[in-house]
Amino acid sequence: GVAQVCGWLCSEGFAQYAAAFDANHIDGIPLAQLTKEDLAELGVVSVGHRLAILRARAARQQEGMPMPRAHATTEAGARLASAPRPRASA
């Protein structure tokens, strides 16, 4: 999820951008799709930092490490989780 992406940013030396990624809900799916332009819009002003983040993301993908994902809860899953459970028959 977003917290894992922020942790990854910190581990790569880009902690200064974690708040912007958090505020913009960047989890693994958007992270995998980010462009240089997107990073600039997120406040990554330095071209060098933008390129380094994209290189680090590519290296992670090449190593076969998945991008962190949000814990998706579907509406149906939420209903099932909150539904009363039947009582066992005696």
Side-chain angles (χ1 to χ4, degrees):
V2 175
Q4 289 86 356
V5 168
C6 291
W8 170 77
L9 273 175
C10 292
S11 73
E12 294 292 330
F14 299 109
Q16 67 268 38
Y17 306 119
F21 276 60
D22 184 42
N24 286 280
H25 313 287
I26 305 295
D27 64 10
I29 294 170
L31 177 62
Q33 300 170 345
L34 284 178
T35 65
K36 289 182 289 188
E37 293 78 17
D38 295 328
L39 289 170
E41 195 171 323
L42 285 168
V44 183
V45 178
S46 166
V47 173
H49 283 184
R50 281 184 255 164
L51 294 173
I53 290 170
L54 293 174
R55 277 194 309 269
R57 180 193 64 192
R60 182 182 177 99
Q61 290 170 326
Q62 283 182 342
E63 292 168 3
M65 297 176 74
M67 291 290 125
R69 294 187 171 197
H71 297 289
T73 304
T74 64
E75 187 177 319
R79 282 196 310 270
L80 286 174
S82 63
R85 295 197 171 125
R87 294 179 185 220
S89 304

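What you see is a predicted model; the values in this text were computed from it and never measured.
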Heavy-atom closest pair, residues [X] and [Y]:
{"X": "Phe21", "Y": "Val2", "answer": "O-CG1, 4.2 Å"}
{"X": "Pro30", "Y": "Asp27", "answer": "CD-OD1, 2.6 Å"}
{"X": "Ala18", "Y": "Cys6", "answer": "O-SG, 3.3 Å"}

Backbone N/O of Leu34 and side chain of Arg57: donor-acceptor pair under 3.5 Å: yes
Side-chain (Glu12) to main-chain (Leu9) donor-acceptor, under 3.5 angstrom: no
Identify every side-chain donor-acceptor pair in residues 37-45 under 3.5 Å, counting partners at least two apart or on other chains, and give the distances.
{"from": "Glu37", "atom 1": "OE1", "to": "Thr35", "atom 2": "OG1", "distance (Å)": "3.3"}
{"from": "Asp38", "atom 1": "OD2", "to": "Thr35", "atom 2": "N", "distance (Å)": "3.0"}
{"from": "Asp38", "atom 1": "OD2", "to": "Thr35", "atom 2": "OG1", "distance (Å)": "3.1"}

Which ILVMFWY residues are connected to Val47, directly or by a chain of links, through side-chain heavy atoms under 4.5 Å apart? Leu51
Got a sec, which residues hit side-chain hydrogen bond (donor to acceptor under 3.5 Å, both in side chains) with His49, two or more places apart in sequence or on another chain? Tyr17
